[in-house]
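Note sheet for the following structure.
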There are 2 protein chains.
Amino acid sequence: METKGHSRHFLYTDWILTETQFDPDQLHSKETVFTIGNGYLGTRGSFEEGYPHALSATFIHGVYDDVPVVYTELVNCPDWLPLVAIVNGERLRLDQGEILQYERKLNLRQGLLSRSLRWRSPSGKTIDFYFERFVSFADQHVLAQRCQLTPVDFDGVIEVQGSINGYTENQGFNHWEGLDQGKTDEGIWLQRRTRNSQIELGMAAKMTISGAQASLQVSTAPGYPTLSMTFLAQAQQTVTVEKLVTVFTSRDIETPVAAAREKLACLPDYAKLLKASEQAWDEVWQQSDIVIEGDSTAAFAVRYNLFGLLIASPRDDEKVSIPAKTLSGFGYRGHIFWDTEIFMLPFFLFTQPAIARNLLSYRWHTLPGARRKASHYRYKGAMFSWESAATGDEVTPRWSLPTDFYGEDVRIWCRDREIHINADIPYAVWNYWQATANDEWMQKYGAEIILDAAIFWGSRVEFNPERQKYEIREVIGTDEYHEFVHNNIFTNRMVQWHLEKAIAVYDWLAHKYPERAKELEEKLQLTSEQQNHWQDIIAKILLFYDPSTELIEQFEGFFQLEDINLADSQGRDRSMQAILGIDKTNKYQVLKQPDVLMLLYLMRGSADFPYSEKALQTNWDYYAPRTDITYGSSLGPAVHAILASDLNISNEAYKLFMQAAMVDLEDNRGNTADGIHGATAGGVWQAVIFGFGGIQFAENRPVAKPHLPPNWTRLKFKLHWQGLWYDFDLHQEVGMGHGAEGQGGRGAGEQGGRGAEENNNSSLLTPNSSLLTPNSSLQTPNSSLNTPNIQGVIFDLDGVLTDTAELHYLAWQKLADEEGIPFNRVANEALRGVSRRASLMLIIGHRPYSEEQIQEMMERKNRYYVELLKNMTSKDLLPGAIALLDELRQAGIKIGIGSASKNARTVIERLGIADKVDAIADGYSVQQPKPAPDLFLYAAKQLGIEPAQSVVVEDAAAGVEAALAAGMWAVGIGPVERVGAAHVVLPSLAGVKWADIRSQLQK
Amino acid sequence: METKGHSRHFLYTDWILTETQFDPDQLHSKETVFTIGNGYLGTRGSFEEGYPHALSATFIHGVYDDVPVVYTELVNCPDWLPLVAIVNGERLRLDQGEILQYERKLNLRQGLLSRSLRWRSPSGKTIDFYFERFVSFADQHVLAQRCQLTPVDFDGVIEVQGSINGYTENQGFNHWEGLDQGKTDEGIWLQRRTRNSQIELGMAAKMTISGAQASLQVSTAPGYPTLSMTFLAQAQQTVTVEKLVTVFTSRDIETPVAAAREKLACLPDYAKLLKASEQAWDEVWQQSDIVIEGDSTAAFAVRYNLFGLLIASPRDDEKVSIPAKTLSGFGYRGHIFWDTEIFMLPFFLFTQPAIARNLLSYRWHTLPGARRKASHYRYKGAMFSWESAATGDEVTPRWSLPTDFYGEDVRIWCRDREIHINADIPYAVWNYWQATANDEWMQKYGAEIILDAAIFWGSRVEFNPERQKYEIREVIGTDEYHEFVHNNIFTNRMVQWHLEKAIAVYDWLAHKYPERAKELEEKLQLTSEQQNHWQDIIAKILLFYDPSTELIEQFEGFFQLEDINLADSQGRDRSMQAILGIDKTNKYQVLKQPDVLMLLYLMRGSADFPYSEKALQTNWDYYAPRTDITYGSSLGPAVHAILASDLNISNEAYKLFMQAAMVDLEDNRGNTADGIHGATAGGVWQAVIFGFGGIQFAENRPVAKPHLPPNWTRLKFKLHWQGLWYDFDLHQEVGMGHGAEGQGGRGAGEQGGRGAEENNNSSLLTPNSSLLTPNSSLQTPNSSLNTPNIQGVIFDLDGVLTDTAELHYLAWQKLADEEGIPFNRVANEALRGVSRRASLMLIIGHRPYSEEQIQEMMERKNRYYVELLKNMTSKDLLPGAIALLDELRQAGIKIGIGSASKNARTVIERLGIADKVDAIADGYSVQQPKPAPDLFLYAAKQLGIEPAQSVVVEDAAAGVEAALAAGMWAVGIGPVERVGAAHVVLPSLAGVKWADIRSQLQK
């Protein structure tokens, strides 16, 4: 019962993420979650004092360097964070001593990361720390830290060391060679250069102190310059140390060290810097914020996702773009994918158009690399790289190399075959142009991208004389579970669309900018034959499509593959590819991510072929159940959420949306350690705006046709369209079903349309022909509705609604200290899920205690525990708990507690949920403990419902067993290994809706 | 004339290598050359104060860690060298300020590396440094440094920082994670652990000072603990700092840090430690030294090669072996090849048998890895890995990956196909047993290796029913220019030999150690069928051999490949594979290294099939001209030298021998930077002992049948054979031709045989059958003898016999200083090969000087230069010069000097060669400078010989041109790009014999 489950120890308020407990097991994912940045650089949320195996990292846009196998990677820059306190000779380190209080906060509005800490050193000194840090949003070269130290119970000598660590690494690899370093009147500086790309970096730092007299020392260990201040600290008196850092690279300026030193010399103080940064943040949020009311988790999560995009978006640099994992982790080595254009770009396009322009200009600057790639593969024009970095050359690794001596290498074919990106980028360019009407940029940058990428297609398609059709063979579509497929619909239709637009762009250019048209004609060798060829391809490209049902075949032969029932694999914790292997997924009708549905989504805005409501319904019914949406691609859920919203399956839409929105906050794919899911974050914005907000661009302006989730009472945001800002403030009366009121205000309050008319702007360019699918037998998912009639839900307490593991630990620690028995957090690990008596036995070991003494100690420990319980508040509720309880009450479902704890009532009161609970079964209620059914049967009886009408929510295996023994429905919280016997398994209650549970139980 | 050519700035005396000048271009190769070690670790000869791009490294045996692509590598351990002086705020660094004097010495007898330095700081302070370091040969965990500082022209504050640098790397990769570090009363310590293999390392250091009062400070930058001493230094007073370091790993002891700290606390002082280490070295040299008289270069070079082996040989560890590049560089990642058993082992076997036993025991300990490899490839028994590390598993990289984005990966097949190592290791085991008669080791270790490796062959061979023969198909022989060949003679015959020995070993074991035999029978599943199968393979394995000519075909179809004339590619600077590509070398009769000849060499000692004098002659004539001996494998020259010696082609033998012996001293393959050529070093020992010493094991003891090179007057060494020591002291009267007197003394002076009888111990196991070669047309090399009648040699002076570039620089510097014109070494680079006047013009630039002033300055500079010339001594002769002059005089060849310098006579006198020179043509002799022929014609006239009887030795293009214009023979010293027009091109005179020049001129 003292197990923690997958709790993230997070509290969400409007703008602030609070971590209430430090869990070393989540070290790396939390470092990602607490990343800060300013569009120039990103710094992971690692501790100032370090921690064993921490993955501290600062990434600066565009600073790439060579590395074996994956060609190039975004370099981990010198670390500006080290700020270490040595208290009476004992260095602050959280893996030693004792953490008495801990709280880490990220303030999204200010871009400020802070941490409060009460630490007891190994020798018993207690001291409070308060750390703050930010990277200036007002001046991207300025980084700042503050540390406040307050001895609690001692006077003593404290030394604070602030360093620049030049020995950072990318998974062991150190990209930097030392050039020089030194000390000046202001502080220290370091000059390094990347080994191969020869990018020079200069970093400088200074440190000030207030509240104590300190002597400053400078040490210059090579690569690790350090400022050190030593002072006499007095109990209960606070000393503040501030460290300011500046950084430049040779990408910015010719002499980075000189620039860093000069800027450092002229900096105002910490407070002024923070204020300037906050103001800059404020301006950005004015445009980009989304307000959600009625769903505090979603409200925070959406902002969190936007924050993740904003800190990584280049505001002053058009030669870089946002990597798949942004600037927050080592995943994908800082390479840039279609993720940016298709998933992230719309957010910028409609709220920060200047950033959108930078991102697309990056593609223009990397055209030479795309041309080299085309030329290498013996094609023409520009062939954009699947993974791109500084130059645009292809940097997708060729091999996935085994680490064991005899393992086989796996060839990665995306670099050669996943070519749809060559239409995705033009798609984004076109949309940028539509949304901004920026003709100047279009003629200079966009047109060349669209045209040269179109030239590539002319050389890539093959004409099949037998079919009299153009084909594109041996590709990988967006669904990467199938390799070397022919005539993937996503690819073929996007090529068709792209060529249509290429002709339109060329016509526009020739008309409006004839000189530029001429210039490009010569540069790209554009001819009228070329355009005739494009027209011919548009007319004759192969698209597998059944006009009667509007069912689309993902690629030639997909329907002939073996079918698979994904429901059979429920409860899995990894992708279908990991389970089946790539050879097998190639043979099954299982998708990593939307492909046909993705195409429908991209064509939805313009309602171009093949988009129609019928096509959406038909293909959703076919493909959604076959898509590995939980562990396939993280690109899937947000897009599915939008389409589900369109289809009015709101519960499904909301569930998929929350799956996307919580991807990093809940680490629900287990890979947040690798960095923020940038594409998911972009998808979340699209799901809110285009899905729930129902924004469409009718009559050449954004119009809302909202489908707000049931509990959202308000959705408020701004959109930028062709030079004007549109305000949307959508409201919904809770409990009134799915209707919602939509208001769109333009500019200074001009009224937009309420709701929106049907979009009649049907495509002018519907293809002339479509082939009947060879095997179009449609298979609908098995959805026999055998709904259980649920009347009540009985919650286990500890591990489900709250987590008292920490309190138990503190109580045991106090007892052990009093008895003089060595005990610490490590020893405490052995007590997880162990009864009170057995725990005590483990603690006392072979020490001779009488049974009487043992009884006394058990009571004593419990007394301490109950005392600690008094400090509990509603903040100690686990994420999602309160929302679910409220929802259940609104739905008229009864709520019971079934806890073996004798303190259950105290806990319930302290948590402030006593008024939400209809019955309590606790440690006094029955004789037989779980897994006997007694406790839950007792609770059901109190609630006045039958076992078959009851759902039990449990986090322990014994609890699930007890529920099943009672003949009740069981929802397991936690890993499948533990609660897999339950009817439904959830990682936690965060974002969980009653409707979801109910619909899952129906299956 | 002031160009340096490829000079290494080396002087060789009995035991001491002296580097007279620091050349940053040779930084990495010199770091390799000056490696020291003690069989536990090796430390490259990098500077204490560092240098930009230095490859400082310390490798400890057995400390491997994972790395991508190449699986595992020997880890660069924390660096114990940093010892940095900061003189009045200026840090000693040789890339700044000015080097006024420089000398680095390696004393092989003591294992002591030292460096004298006079440095002028950028601000003009001059200071003398004398550094020493050694790694104790008496206690392998103890490392020591000493630095003496003497201000020359100032009093000032000096800080000396001694650190342990934990941020060492392997080509950018840092294998270490920090665990802890600290300071104690004694000094500092560092605790690190390898990332994956989890080997813990503890290092501790302390520092003492004498000659000044200093304050000690300790700084603890993470990963870079530093001891710092600051003192007031006075001009002309010497201060001495000594730094002692201890190191342990968890391979040695459970608590490495504690062990390092404890040992450090109890260490005696530097002087005592050095004395103990010297005594330990002395004992080793007592057994392993070789004395050569009459050829000081060879005498030193041989000792240098033995030193390279001794510092890398594990004396107390039987779970490690010597990597291909020893413990001295990053090449081949510390992997272990057949190089150890076949090339290095004999040296140890006959002079340090306990080390030989350790090396072979390593193979026994790694049998589990060899079995895993066999099992992976679905074979039986033990399949030893082509590249092996800690576990014996195969660690040859599978791919050679391109660094550019579109380059193709090249598959490395050695891991799968180069299987002859599986017989090479048993060959070494058998020889160890023969030489030591160590039955105890054989029954416990050796037998299992031989038998389980034999079991592999039983599963690897294929029976061809049509031929009624066993075949081994698709292998790579020792000649790696041919892949996937069938029935490579080296492999097939070694397998046959191995199976013969396996049967013999098994019989012996069953007879002498029946219990062990039974144990192995069960463990290895040895059966009598197995042995019958071996017998059958021995009888029927396919060997392509022509009994009439005794010509052997390297593999099936080799003679049908296209022939190639390597002479056509003379003057190349890379391998034939680099020139042709692997696909082409596969199709030509060109060898990377001896294959048939290698087999003959391995069978030579026992005169087993196919060895015979006739076979040797026939196959030498065929294969030697087809072998890429210069740039193919470095394994080739020593083996060819031995066989050439057997064939009485002494000049060729000596030339090949020196090619091997100088491989690292001269960096003649350009890859010394990667580490010492361990196999070549072992080959050098074999060439001296088995080639020139002619050692054979007749009548069960070593007997000498020497073929000493012409100039060797004495060759003295010891051999250990079956428990007894044999002393050899071979003499030769110079000028008496190739005969030599051999003396072998056993034990305490017992007489061995003089010379040796013919070895009549013909093989009992000659194979029953041999196939006629399909295409046995023999091609002899073209050797028409058209000897020129050479009567005299005319040497250019500067760049050939000596190098005055440094003196010119110093003279120009003095002039420039006096004129207040900025000038330094960098500016001096522009003056190479530029005349005095033109040099001056470059220096003064646009400054307005009258012609009179220019004349004066030219004279002034020359005056300074002539003054500096007075300091020249015979030490300033370039390597090889004096030996060649002496040899020419003995051969009655006249010697002239042809130098454009007006100071030639002064230089000749200072160099002490005036009495060796018959005529001098200098800057006063003729009007027309080179490339006019006048100067050399003048010299020839003085010598009284005809141009056609004259050889000119020149290092400048104009000089070669002059020689040719004079109708003389030209020998060019330096790169082909410069002196390629000459008849013969040599990198330098080091090791050059008159006979070689003559024989080359004959071609």
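In what follows, every heavy atom counts, from backbone to side chain, and hydrogens, waters and symmetry copies are set aside.
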So, do [X] and [Y] sit near enough that their side-chain heavy atoms are less than 4.5 Å apart?
X: Q217(A); Y: S219(B); value: no
X: F173(B); Y: N174(A); value: no
X: Y406(B); Y: R372(A); value: yes
X: E408(B); Y: R398(A); value: yes

With only heavy atoms counted, which part of [X] is less than 4.5 Å from chain A, the side chain, the backbone, both or neither?
X: D393(B); value: both
X: W176(B); value: neither
X: D404(B); value: backbone
X: D180(B); value: side chain
X: P225(B); value: neither
X: E394(B); value: both
X: T396(B); value: neither
X: H175(B); value: neither

Ring centres under 6.0 angstrom apart (Y167(A), Y167(B)): yes

Residue selection (most heavy-atom pairs with chain A, distance under 4.5 Å) from G369(B), S385(B), P52(B), P222(B): P222(B)

Partner chain A: residue of T72(B), T226(B), D409(B) with the largest heavy-atom pair count (under 4.5 Å): D409(B)

Y332(A), OH: over 12 other non-hydrogen atoms inside 6.0 angstrom: no

Distance (rounded to the nearest 0.5 Å) between T220(B) OG1 and Y224(A) OH: 10.0 Å

Nearest-0.5 Å distance, CD of residue E177(B) to CD of residue E169(A): 9.5 Å

